[in-house]
2 protein chains.
Amino acid sequence: MEEKEISKAVIKRLPRYYRYLGELMESGVERISSNELSSKMKVTASQIRQDLNNFGGFGQQGYGYNVKHLYTEIGKILGLDKNHNVIIVGAGNLGQAIANYGAFEKRGFIIKGIFDVNPRLQGVTVRGIEIRMIDELEQFIKDNNVQIAALTIPKTKAAEMAELLVKYGVKAIWNFAHTDLNLPDDILIENVHLSESLMRLSYNITRYEKERLNENDN
Amino acid sequence: MEEKEISKAVIKRLPRYYRYLGELMESGVERISSNELSSKMKVTASQIRQDLNNFGGFGQQGYGYNVKHLYTEIGKILGLDKNHNVIIVGAGNLGQAIANYGAFEKRGFIIKGIFDVNPRLQGVTVRGIEIRMIDELEQFIKDNNVQIAALTIPKTKAAEMAELLVKYGVKAIWNFAHTDLNLPDDILIENVHLSESLMRLSYNITRYEKERLNENDN
DNA sequence: AATCTATTGTTATTATTCTAACAATTTATA
DNA sequence: TATAAATTGTTAGAATAATAACAATAGATT
C-alpha cells in the first residue's frame, strides 16, 4: 500500500492542466497528445507525460489522451468531486470578491457564511449570504460542519483569528493576510500573498530595465 | 560585465525575507544571524546565506546581518526604491480591494487610475481615485506614463483587454483573470490565479483525509 | 493480415536546487 | 594582546526535478 509522495512541483502544475483541459473540452476537442498540449501550455511534452504518470496511465499509446476522461481524473485527484463547506472571514472587498466568484461552487466549495467584526455590515447580504458577527462563529462552524475558512482580514488580526478558527474546528485556512500563520501541523494552510507577487513583478521590471540599459551600452 | 542569472526559486523567496526583515526592524531588532532567521522562517540557514550571496556579501563574519541594511538592500534588489505608475482595469470587488490596499504605495506603486466598462461606475471614487471609462484608456496611459496594469476583469474579456493595454504602452500586467495571457516577449506578466491556489488546497485536504483513513486502517 | 505511424509509459541522463561542511574572518573574552 | 567563540561566504556533495531517449503498444493504412 506504499503510495509514493507526489512532489509539490507536480501538484502546482495540476490545476493548470485542469484549466487547459476544461477549455479544450468546452471547445469540443475530444483527444489530445502530450505534444499538442505541450505547445499550447508551453511546457515540455515529457513533463506532461511524467506528471500524469505519477497518478497512473491515463493515455493510450498511438492515440493520446481522451480530454474528457483526463479532465475528470485530474478533477478527482484534486478532490474537486467532493464538496467542502467554507466560510469567509472578513467581508471587505477581498472577501466579497471571493464570495462573488461563481466558479467556486462549481469546484465543490460551498460558501456557508461570511463573517466580519464591523457591526454596520450585520445583516448585509452578499450573493444571498448574510454577513454575520464574529460572536456567532463557534456555533456556526459546528452547526455547518465548516472545514475551510478564507481569511481576508488585516494582518494585525490574522494570527489571533486563525487560532480561534482552529479552536472552533476549522481544518484548513486559505490565508490572504500578509503574514505567515503558525498553526498545528494537522491544519492545512494555503497562502495567497499578493504583496509578494507584486514584489516579484517589481523585481522583473527592474531587471528588465537594467537589461535594456546594458544592451544599449554595447 | 557578466551578471549571472538569478534563479526563479531565489527570487520567489526574496519578498518573504523582505517581509520578515521589515517585521524585525519594526520590533527594534538591529542584527540577526542566518541561524536565528532560519528558525523564524523555517528555511535552512544555508539557504538564506546562499540566497543572499547571489547579490553580494551583506553580512559580516562573526556578527551576522544588520537588519536595517539588509532590508534596504533587498528592497533595492526588488526595485522597491523606485516608483511605478499603475492603473487598475476592472473596478469590481477585486479591483477595489487592490486599490484600497495601502501598503501598495509604500512599495512604490502609485495608483494613477481605475477603469471599468460599467457606465454606472463612472465618476464613483475609490480611495480618492475616480473610476474612468475604457475609452479614456489610451490617452490616460500616455499622459500618465503608466507602466503597469492590474487586470481584474472576467477571463472572457481578459485577453482582448491585455492586448489593448499593451498597444497603448503598458509594459507589465499583474493578471488576476483566470487565464494565461499570450503577449509579446518584452511584456512582463505576473499571474495571480486564485482558482489554482484553491485547487491546491483542495488537493491537500483530500490527500490529508486519505492519509488519516489509512492510518486508521493500520 | 501485415506493416507503418503515432504516441504513450518508463528508464536514463542532465540540469537545477538544496543542504552540509569548512576555511576565513570578525567580534567577544580572558 | 592572545585566544576562543560566532558566523559568514563559498565550495563540495546530495537530493530533487526536468528533459531526452526509447521500447512497447495501440490505431491507421495498405
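Letters go in sequence order (proteins before strands), and every chain restarts at 1. Any value given below was found using the heavy atoms of this structure, including those in side chains, with hydrogens, waters and symmetry copies removed. In this text the structure is predicted, and so the values were computed from the model without any measurement.
Annotation: salt bridge (Lys or Arg N to Asp or Glu O under 4.0 Å) contacts of B/Lys12 (sequence neighbours excluded): none. Taking B/Arg16 as the reference, A/Asp180 meet the salt bridge (Lys or Arg N to Asp or Glu O under 4.0 Å) condition, with sequence neighbours excluded. B/Phe115 meets the ring pair (Phe, Tyr, Trp, His ring centres under 6.0 Å) test with B/Phe140; sequence neighbours excluded. Looking at residues two or more places apart in sequence or on another chain, you find no ring pair (Phe, Tyr, Trp, His ring centres under 6.0 Å) involving B/Tyr203. Under the ring pair (Phe, Tyr, Trp, His ring centres under 6.0 Å) criterion, B/Tyr20 pairs with no residue, sequence neighbours left out.
Less than 4.0 Å separates DNA chain C from at least one heavy atom of each of the following residues of residues 43-58 of chain A: A/Arg49, A/Gln50, A/Asn53, A/Gly57, A/Phe58. Applying a 4.0 Å cut-off to non-hydrogen atoms, the residues of residues 13-28 of chain B that approach DNA chain C are B/Arg13, listed by residue number.
Contact annotation: A/Ser34 side-chain N/O to C/dT8 OP1/OP2 distance is under 4.0 Å.
Sorted by first and then second residue, the pairs that involve residues 43-53 of chain B and meet salt bridge (Lys or Arg N to Asp or Glu O under 4.0 Å), not counting sequence neighbours, are B/Arg13-B/Asp51. Here salt bridge (Lys or Arg N to Asp or Glu O under 4.0 Å) pairs that include residues 76-97 of chain B, with residues two or more places apart or in two chains, are B/Glu73-B/Lys76. Screening residues 84-105 of chain B for salt bridge (Lys or Arg N to Asp or Glu O under 4.0 Å), with sequence neighbours left out, gives no hits.
Using a cut-off of 4.0 Å between Lys/Arg side-chain N and Asp/Glu carboxylate O, B/Lys68 and B/Glu30 are scored as not salt-bridged.
When DNA chain D is scanned in the 5' to 3' direction for atoms under 4.0 Å from non-hydrogen atoms of chain B, the outermost contacting nucleotides are D/dA6 to D/dA12.
Ring pair A/His84/A/Phe104: centre-to-centre distance not below 6.0 Å.
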Test salt bridge (charged side-chain N to carboxylate O under 4.0 Å, His left out) on A/Glu36 and A/Lys40; report intermediate values, then the result. CA-CA 6 Å; A/Glu36 287 172 90; A/Lys40 275 190 201 299; over 6 Å; no

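At least one donor-acceptor pair under 3.5 Å links the side chain of B/Thr206 to the backbone N or O of B/Ser202.
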Just the atom pairs and distances: protein N or O near nucleotides 26-29 of chain C's N or O, under 3.5 Å.
unit_1, atom_1, unit_2, atom_2, d
C/dT26, O4', B/Gln61, O, 3.3

